[in-house]
Structures are given as structure tokens and as C-alpha cells.
Novice: 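Following this message is one structure expressed as C-alpha cells.
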Amino acid sequence: MSSNCTEVVEHALVLFLLSGSGFFRSVRETNGLHSEFLLVVRMDASTPNSERRPFSIKLWPPSQNTRSMLVERITNNLSTQSLFTQKYGGLSKEEAGENAKEIEDAAFASANEHYEKEPDGDGSSAVQLYAKECSNRILGVLKRGPRTKEDGDLVKAGKIPGPHETFFDISKGQRAFIEAEEARELLSPLKEPGNSYTKICFSNRSFGLDAARIAEPILLSLKGQLQEVDLSDFIAGRPEEEALNVMNIFSAALEGSILRSLNLSNNALGEKGVRAFGKLLKSQSSLEELYLMNDGISEEAARAVCELIPSTEKLRVLQFHNNMTGDEGAVAISEIVKRSPFLEDFRCSSTRVDSVGGIALSEALGKCAHLKKLDLRDNMFGLEAGVVLSKALLNHANLTEVYLSYLNLEDEAAIAIANALKESAPSLEVLEMAGNDITAEAAPTIAAFIATKKSLNKLNLAENELKDEGAIQIGKALEDSQGQLKEVDMSNNLIRRAGARVLAHAVVEMPEFKLLNLNGNFISEEGIDELKDIFKASPDLLGPLDDNDPEGVDDDVSVMAGWVSLPPALSKLQLFYQ
């Protein structure tokens with residue numbers, strides 16, 4: 001947007017907020033003014049011109065320039081002659097200025113809090129609330145009257161109340177580069193004396209070197225009060241050298257802060273990036289949450305993290321999702337886990353960890369007795385690591401969510417894990433073990449586990465080979481459990497009509513149930529009709545069946561089909577299999 005057009009928008013907003021009569025109009029008239037304001041802006045933006053193109057405008061938040069203009073207008077409204085000052089009395093210019101700043105601060109805080117809850121709109125409702133709050137507070141100040149004097153000093157008749165903002169967030173909207181001038185304006189609220197910000201989020205905006213230099217003194221001034229810092233995805237698209245310099249600037253500026261939470265995800269850090277944050281990481285001894293997801297955390301980078309963080313004794317959340325950590329990297333991460341006795345939420349999913357790393361992580365997790373949420377999905381632990389993990393799970397009485405899909409566990413490890421969870425985790429709510437080559441052999445153990453879990457609300461066993469035999473056993477366990485189930489996923493399990501029927505009857509009457517997924521199985525057309533009839537009173541509870549194959553043939557049936565076509569010499573076998 002051009003500077004001239006920006007000026008038009010700014011002045012239009014101020015005119016909308018403060019009418020020329022010297023005071024706010026009624027809420028009904030204010031809404032009308034809002035429509036007029038949008039019309040002015042849209043006409044200016046879309047008037048046919050070879051040098052002008054239509055653009056969209058987000059009305060919130062107002063710039064610092066707009067806020068300053070509004071304070072000036074409020075000051076005039078409180079101190080110059082009008083219908084209201086004649087009725088209630090006006091204030092001195094000095095006192096009006098002080099009150100105007102307090103009014104605008106409180107109104108902005110309320111409107112911004114409203115906008116944070118509805119961040120996808122154009123900000124119009126926040127602007128209306130901003131206007132309404134200012135109007136009410138101006139009237140309140142005038143009714144209250146001037147401050148009185150005691151002992152020669154002005155005594156306030158009560159500071160105008162308003163919520164203290166603690167969260168500063170620039171992540172809303174589209175991803176975009178941020179350069180020096182925009183950074184100066186965007187970060188200006190962080191420079192206001194006495195601000196209460198304890199949490200900042202710079203995610204989704206890519207900082208260049210000049211913007212980082214604008215942010216540096218601001219962060220230095222705040223680091224004594226900051227508790228949560230989110231720098232995820234804040235250097236996207238920058239050349240490596242510039243990105244590393246930006247990370248070094250932020251790291252040095254925040255060094256020594258006492259953070260509770262640090263998020264460095266989505267920055268393609270690698271070892272160089274991790275070490276660029278070395279000053280910040282080394283200074284942290286009270287971290288409770290650390291997020292390093294999608295960061296290119298290789299073996300070397302994992303070792304750097306392990307080396308740079310001096311203490312993890314207070315760590316409760318540790319997340320490494322979607323990295324290229326591998327076995328050796330997992331060994332390094334396991335050292336961090338060992339030093340984190342109060343860990344409650346551990347995620348190391350999609351990190352290319354094989355058996356050796358899986359064993360190391362599993363053994364380390366055995367020391368984390370406070371674990372509530374465990375996510376190891378999409379690795380290649382295999383049978384041996386799965387069995388070691390089952391032993392660790394015996395120590396976790398507080399587990400509520402366990403995600404173990406696509407770990408290549410097979411029946412033996414799946415049985416060991418189900419037995420361990422049956423003995424521990426009395427409050428387990430979620431279990432996912434999809435894609436683990438689990439067959440009907442493990443079904444009795446899984447069924448016995450289900451029978452003991454009255455809090456279980458989500459069960460995902462998709463992409464296994466349970467077939468009808470396993471589905472029937474699990475279905476009967478679900479029916480007998482009388483639990484709080486909301487979702488069951490048994491898709492892609494070679495299930496036919498009989499197994500599908502039992503599963504459907506098991507869940508259809510559950511009061512809290514939301515979804516049964518049986519897609520990708522081998523249910524006959526008659527079976528599909530039967531399922532739809534079972535769920536006729538609540539069809540939304542049955543998931544789509546568009547990938548079902550009524551004529552599906554599994555491996556065993558393929559073998560039998562081969563026998564059927566054998567030569568006449570094997571006709572007895574042929575008759576048997578027919």
C-alpha cells in the first residue's frame with residue numbers, strides 16, 4: 001500500500017473513532033460510521049486508474065500513529081467545550097492528556113483481546129469494540145469529574161481499569177518477510193514503559209538482518225520479564241549466512257533470560273543453527289518446554305542440543321517431531337531424556353530412528369515416571385526395541401496418550417506393550433498402534449487390555465492384519481468395556497462382513513461415540529447395507545466406505561485361489577479349498 005493511501009486509511013479510522021462533534025456518537029451511529037469508513041477506503045482502493053490496483057485492508061490492529069492521533073482527539077474531547085463538558089465539567093489539558101492515554105490503552109487492550117479470539121476476520125468487530133470502549137470510558141471520566149488536590153499533589157480518582165496484556169503475537173496472517181521499518185512499527189508496543197508482556201511469538205514472519213537489529217535492543221530490555229519465547233519459522237527464505245546471523249543476534253539478546261518455554265521449530269536449524277542459539281541455550285536452567293520440530297535435527301545437531309542445554313531437571317515437554325535424527329541422534333536425545341525426570345510430554349516421531357536408537361530411547365523413558373503423553377510414531381523400532389519399550393511402560397502410571405503407530409512392532413512387541421499398558425496407565429485415553437503388522441494372534445491380549453481401560457476414548461489399530469477373527473474379539477471387548485469410547489479406527493485390516501457387524505454393534509449405542517472407521521476393508525455389499533442399517537439412527541457415526549473392496553482378496557485367499565486352479569492330479573486339494 002502506498003504511503004498516501006496508508007495516510008487516507010489512518011485518518012479515516014480516526015474520523016470513524018471520533019466524530020467531529022467532539023464526542024462519540026451512539027453505538028448505532030458508530031456502526032453506520034464504520035460502513036462509511038469501509039466505503040471510503042474501498043472507493044479509494046479500487047477507483048480505476050492505470051497506476052492503482054484494488055487491495056484488501058485489515059482494520060486491526062491500528063498503527064501507533066493512529067493510536068497517538070486518537071489520544072490527541074480524546075484529550076481535546078475531555079478538555080474543550082461540548083455538550084458533555086457543559087453538563088459534567090471539563091478537565092485541564094494536562095489531566096485530559098493523562099486520562100486520554102489511559103483510556104486508549106485500556107480500550108486497545110480490550111479490543112485486541114477480542115481480536116485474538118477471532119483472528120481470521122478483517123478486524124472490524126475489534127474496531128467497533130475499540131470505539132465503544134473509548135466512548136464508555138470518556139463518559140466515565142467526565143462523570144467522575146476532575147481530580148482533587150491533596151497536599152498540593154494531584155490525586156487520581158481511580159485509574160481506568162483494563163486488562164494487562166501479557167502475550168505479544170505477530171504470527172497472524174500470511175507468512176511474509178519483515179524488514180527494518182515494519183519491524184520498528186510492529187514491535188513498538190514492546191517498547192512501551194511498564195508493559196506486562198511475558199510471552200512473545202515472532203512465528204510466521206521472516207526476519208532479515210536489519211529487522212533483527214531493530215528487535216535486538218527491544219529483546220534486551222524485555223529479557224528480565226519474558227517467560228515464553230516462540231521463534232518458530234522466523235527465518236524462512238533467508239540465505240544461510242543471513243539466517244545464522246539473525247539467530248546469533250536473537251540468541252545473544254535473549255541470553256540470560258529465565259524462560260519457561262522455548263520454541264525454535266520450523267527453522268531448518270541443523271547443527272549450525274543449534275549452535276547459533278548456543279548463548280541462549282547455555283543460559284537456560286529452568287526450561288519446562290522445548291520444541292525443536294521440523295528443524296533438520298541430525299545426529300550432530302542432536303549432540304549439540306545435548307551439549308548446550310546445561311540442565312533439564314525441570315523439563316516437562318520435549319518435542320523433536322519430523323527430523324532426520326537417526327539412531328545416533330536418538331542416543332544423544334536419550335541422554336537428555338535421562339536428565340529429565342519430570343518429563344510429561346515426549347515426542348520423537350518421524351525421526352528415522354531404527355532399533356538401536358529405539359532401544360536407547362525406550363531405556364531412557366523408563367526413568368520418566370511422570371510421563372503423560374508419549375509419541376514415537378513413524379520410526380523403525382522393530383521387535384526388539386518394542387519389547388524394551390514395553391518394559392519401560394510398566395513404570396508409567398500417569399500415561400493418558402500413547403502413539404506407537406508405524407513402528408514395525410509385529411505381534412510379539414504389540415502383545416508385550418498391550419500387557420504392559422494393561423498393568424499400568426489406569427487413566428489411558430488414547431492408544432494408537434496402526435501399521436504394525438499386528439494379526440489376530442495379538443487380538444486376545446489387546447482385547448484384555450481394552451477391557452481394563454474405562455477411560456479409553458480413542459483406539460486406532462488401522463493398517464494391520466487383524467481380519468474377522470481379531471475384529472470380533474476386539475469388538476466384544478469394546479462392547480463389554482462400558483467405557484467412554486469416542487473413536488475407533490479399524491480401517492485396512494482385511495475385515496469382512498462378520499467382523500464389521502460385531503464392531504458396529506459394539507459402539508453404536510455408546511453415549512459419547514463419534515466415529516467408527518472401517519474403510520479399506522473387504523466388506524460385501526450386503527455387509528455395507530447391514531452397517532448402514534445398524535447406524536440408520538446416527539449415520540454420522542459411521543465413517544466413509546469409499547475405499548472398501550467387496551471382492552477383496554487377501555494373501556491367504558490368493559494362495560487358495562492358486563490351489564483351485566491346480567492340475568487334476570491335485571483335485572482332492574482343489575475340492576477341499578473350494
Novice: About how many Å separate NZ of Lys391 and CG of Asn395, when rounded to the nearest 0.5 Å?
Specialist: 12.0 Å
Novice: Search all heavy atoms of Ala420 against all heavy atoms of Leu393 and return the closest pair with its distance.
Specialist: CB-CB, 4.2 Å
Novice: Please examine the side chains of Ile474 and Leu461, heavy atoms only from C-beta on, and report whether any two atoms are closer than 4.5 Å.
Specialist: yes
Novice: Give the minimum heavy-atom separation between His396 and Cys368, together with the two atoms involved.
Specialist: CE1-O, 2.7 Å
Novice: If you take all heavy atoms of Ala413 and Leu383, which pair is closest and at what distance?
Specialist: N-CD1, 3.4 Å
Novice: Can you tell if the side chain of Asp230 reaches within under 4.5 Å of the side chain of Phe202, non-hydrogen atoms only?
Specialist: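 Asp230 does not reach Phe202 side chain to side chain.
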Novice: Taking the ring centre of each residue, are Phe167 and Tyr197 less than 6.0 Å apart?
Specialist: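 No, too far apart.
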Novice: For a 4.5 angstrom cut-off between non-hydrogen side-chain atoms, does Leu466 reach Met490?
Specialist: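 Answer yes - side chains close enough.
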Novice: Is there side-chain contact between Val507 and Leu541, with heavy atoms separated by less than 4.5 Å?
Specialist: no
Novice: Has the side chain of Ser251 got a donor or acceptor atom that lies under 3.5 Å from a matching backbone atom of Met247?
Specialist: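 Checked: no pair found.
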Novice: Checking the side chain of Glu328 only, and the main-chain atoms of Ser298 only, is there a donor and an acceptor separated by less than 3.5 Å?
Specialist: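 No, Glu328 side chain to Ser298 backbone: no donor-acceptor pair under 3.5 Å.
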Novice: OG of Ser232 to CG of Leu292: how many Å apart, nearest 0.5 Å?
Specialist: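 One finds 11.0 Å between OG of Ser232 and CG of Leu292.
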Novice: Within the 4.5 Å heavy-atom criterion, are Met433 and Leu409 side-chain neighbours or not?
Specialist: yes
Novice: Taking the basic N atoms (NZ, or NE/NH1/NH2) and the acidic carboxylate oxygens, is any pair closer than 4.0 Å for Arg260 and Glu289?
Specialist: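 Yes, Arg260 and Glu289 are salt-bridged.
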Novice: Whether Glu307 and Arg303 form a salt bridge (side-chain N of Lys/Arg under 4.0 Å from carboxylate O of Asp/Glu) is what I want to check.
Specialist: no
Novice: Could you check whether any side-chain N or O of Asn419 sits under 3.5 Å from a backbone N or O of Ala416, counting only pairs where one atom can act as donor and the other as acceptor?
Specialist: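 No.
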Novice: For Ser171 and Ser203, what are the C-alpha separation, side-chain angles and deciding distance, and is it a side chain to side chain donor-acceptor pair (under 3.5 Å)?
Specialist: CA-CA 5 Å; Ser171 68; Ser203 181; 5.6 Å; no
Novice: Are there more than 12 heavy atoms of other residues, nucleotides or ligands under 6.0 Å from atom CD of Glu401?
Specialist: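 Counting other residues, nucleotides and ligands, CD of Glu401 exceeds 12 neighbours.
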Novice: Using only atom types and a distance under 3.5 Å, with no angle test, would you say the side chain of Lys476 pairs donor to acceptor with the backbone of Ala471?
Specialist: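 Here the side-chain-to-backbone pair does not exist.
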Novice: Can you tell me if Asp295 uses its side chain to pair, donor with acceptor, with the backbone of Ile297 under 3.5 Å?
Specialist: no
Novice: CG of Leu231 to CG of Asn266: how many Å apart, nearest 0.5 Å?
Specialist: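 Going from the CG atom of Leu231 to the CG atom of Asn266 covers 12.0 Å.
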Novice: Test side chain to side chain donor-acceptor pair (under 3.5 Å) on Ser350 and Asn379; report intermediate values, then the result.
Specialist: CA-CA 6 Å; Ser350 302; Asn379 286 298; over 6 Å; no
Novice: Between Arg316 and Glu344, does any side-chain N to carboxylate O distance fall below 4.0 Å?
Specialist: yes
Novice: Would you check if the distance from the ring center of Phe177 to the ring center of Phe207 is below 6.0 Å?
Specialist: no
Novice: For the residue pair Ala504 and Leu516, what are the closest heavy atoms and their distance?
Specialist: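 Scanning both residues completely, I find the closest heavy atoms to be CA-CD2, 3.9 Å.
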Novice: Within a strict 4.5 Å, meaning less than it, do heavy atoms of the Val430 and Thr400 side chains meet?
Specialist: no
Novice: I'd like to check Val402 versus Leu404 (side-chain heavy atoms, cut-off strictly below 4.5 Å). Are they in contact?
Specialist: yes
Novice: Consider side-chain contact (heavy atoms from CB on, under 4.5 Å). Of Thr312, Leu262, Leu259, which one does Leu290 pass it with?
Specialist: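 Answer to the side-chain contact (heavy atoms from CB on, under 4.5 Å) test with Leu290 among Thr312, Leu262, Leu259: Leu262.
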Novice: Please check: side-chain N/O of Asn267 versus main-chain N/O of Phe234, any donor-acceptor pairing under 3.5 Å?
Specialist: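 Flag set: sc Asn267 to bb Phe234 pair under 3.5 Å.
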Novice: Would you say NZ of Lys223 has more than 12 non-hydrogen atoms from neighbouring residues, nucleotides or ligands within 6.0 angstrom?
Specialist: yes
Novice: Please name the residue in the list Asp327, Asn408, Leu407 that meets the side-chain contact (heavy atoms from CB on, under 4.5 Å) test with Met380.
Specialist: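 Testing Met380 for a side-chain contact (heavy atoms from CB on, under 4.5 Å) against Asp327, Asn408, Leu407 leaves exactly one candidate, Asn408.
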Novice: Checking Asn436 side chain against Glu410 main chain: does a donor-acceptor pair fall under 3.5 Å?
Specialist: no
Novice: Begin from the C-alpha positions of Leu244 and Lys272 and carry the test side chain to side chain contact (heavy atoms under 4.5 Å, CB included) through to its verdict.
Specialist: CA-CA 8 Å; Leu244 289 172; Lys272 290 181 181 178; 4.0 Å; yes
Novice: Could you check if a side-chain atom of Phe522 sits within less than 4.5 angstrom of a side-chain atom of Ile495, using non-hydrogen atoms only?
Specialist: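 No; the side chains remain at least 4.5 Å from each other.
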Novice: Which heavy atom of Gly470 sits nearest to which heavy atom of Ala440, and what is that distance?
Specialist: N-CB, 3.8 Å
Novice: Yes or no on side chain to side chain donor-acceptor pair (under 3.5 Å) for Asn323 and Thr325, after CA distance, side-chain angles and deciding distance?
Specialist: CA-CA 6 Å; Asn323 285 297; Thr325 311; 4.8 Å; no
Novice: Quick check: does any side chain N or O of Ser206 sit under 3.5 Å from a backbone N or O of Ala236, one acting as donor and the other as acceptor?
Specialist: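 Yes, Ser206 side chain to Ala236 backbone: donor-acceptor pair under 3.5 Å.
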Novice: From Ile258 CD1 over to Leu226 CG, what is the distance, rounded to the nearest 0.5 angstrom?
Specialist: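 If I round to the nearest 0.5 Å, the distance is 11.0 Å.
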Novice: Taking Asn521 for its side chain and Leu494 for its backbone only, find out whether a donor-acceptor pair lies under 3.5 Å.
Specialist: yes
Novice: So, taking the atom named CG in Leu374 and the one named CG in Leu343, what distance separates them when rounded to the nearest 0.5 Å?
Specialist: 9.5 Å
Novice: Please confirm whether the backbone N or O of Gly499 pairs with a side-chain atom of Asp468, one donor and one acceptor, at under 3.5 Å?
Specialist: yes
Novice: Among Glu429, Glu432, Gln484, whose side chain to side chain donor-acceptor pair (under 3.5 Å) with Lys458 holds?
Specialist: Glu432
Novice: Please check if the number of heavy atoms outside Glu300 that lie under 6.0 Å from its CD is greater than 12.
Specialist: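 It does: Glu300 CD has more than 12 such atoms within range.
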Novice: Sequence neighbours excluded, which residues qualify as side-chain hydrogen bond (donor to acceptor under 3.5 Å, both in side chains) partners of Gln225?
Specialist: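 Listed in chain order: Asn195.
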Novice: Do Phe250 and Phe277 have their ring centres less than 6.0 Å from each other?
Specialist: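 Ring-ring flag for Phe250/Phe277: false, centres at least 6.0 Å apart.
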Novice: Identify, with sequence neighbours excluded, every residue that meets salt bridge (charged side-chain N to carboxylate O under 4.0 Å, His left out) alongside Lys338.
Specialist: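 In terms of salt bridge (charged side-chain N to carboxylate O under 4.0 Å, His left out), with neighbours along the sequence ignored, Lys338 is linked to Glu335.
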Novice: If you count every heavy atom of other residues, nucleotides or ligands that lies below 6.0 Å from Lys372 atom NZ, does the total exceed 12?
Specialist: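 No - once you tally the heavy atoms of other residues, nucleotides and ligands closer than 6.0 Å, there are 12 at most.
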Novice: Could you walk me through whether Leu431 and Ile450 satisfy the side chain to side chain contact (heavy atoms under 4.5 Å, CB included) test, starting with their C-alpha distance in whole Å, then the side-chain angles of each, then the deciding distance to 0.1 Å, before giving a yes or no?
Specialist: CA-CA 10 Å; Leu431 176 64; Ile450 291 170; over 6 Å; no
Novice: Ignoring hydrogens and angles, state whether a donor on the side chain of Asn263 or Ser265 is under 3.5 Å from an acceptor on the partner side chain.
Specialist: yes
Novice: Using a 6.0 Å cut-off, check whether atom CD of Glu412 has over 12 heavy atoms from anything other than its own residue.
Specialist: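 Count not over threshold, so no.
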Novice: What are the two closest non-hydrogen atoms of Leu209 and Ile249, and how far apart are they?
Specialist: CD1-CD1, 3.6 Å
Novice: Is Arg175 salt-bridged to Asp233, cutoff N-O under 4.0 Å?
Specialist: yes
Novice: Could you walk me through whether Ile438 and Ile446 pass the side chain to side chain contact (heavy atoms under 4.5 Å, CB included) check?
Specialist: CA-CA 10 Å; Ile438 301 171; Ile446 295 173; 4.0 Å; yes
Novice: Quick one: pull up CG in Leu222 and CD1 in Ile200 and give me the separation to the nearest 0.5 Å.
Specialist: 7.0 Å
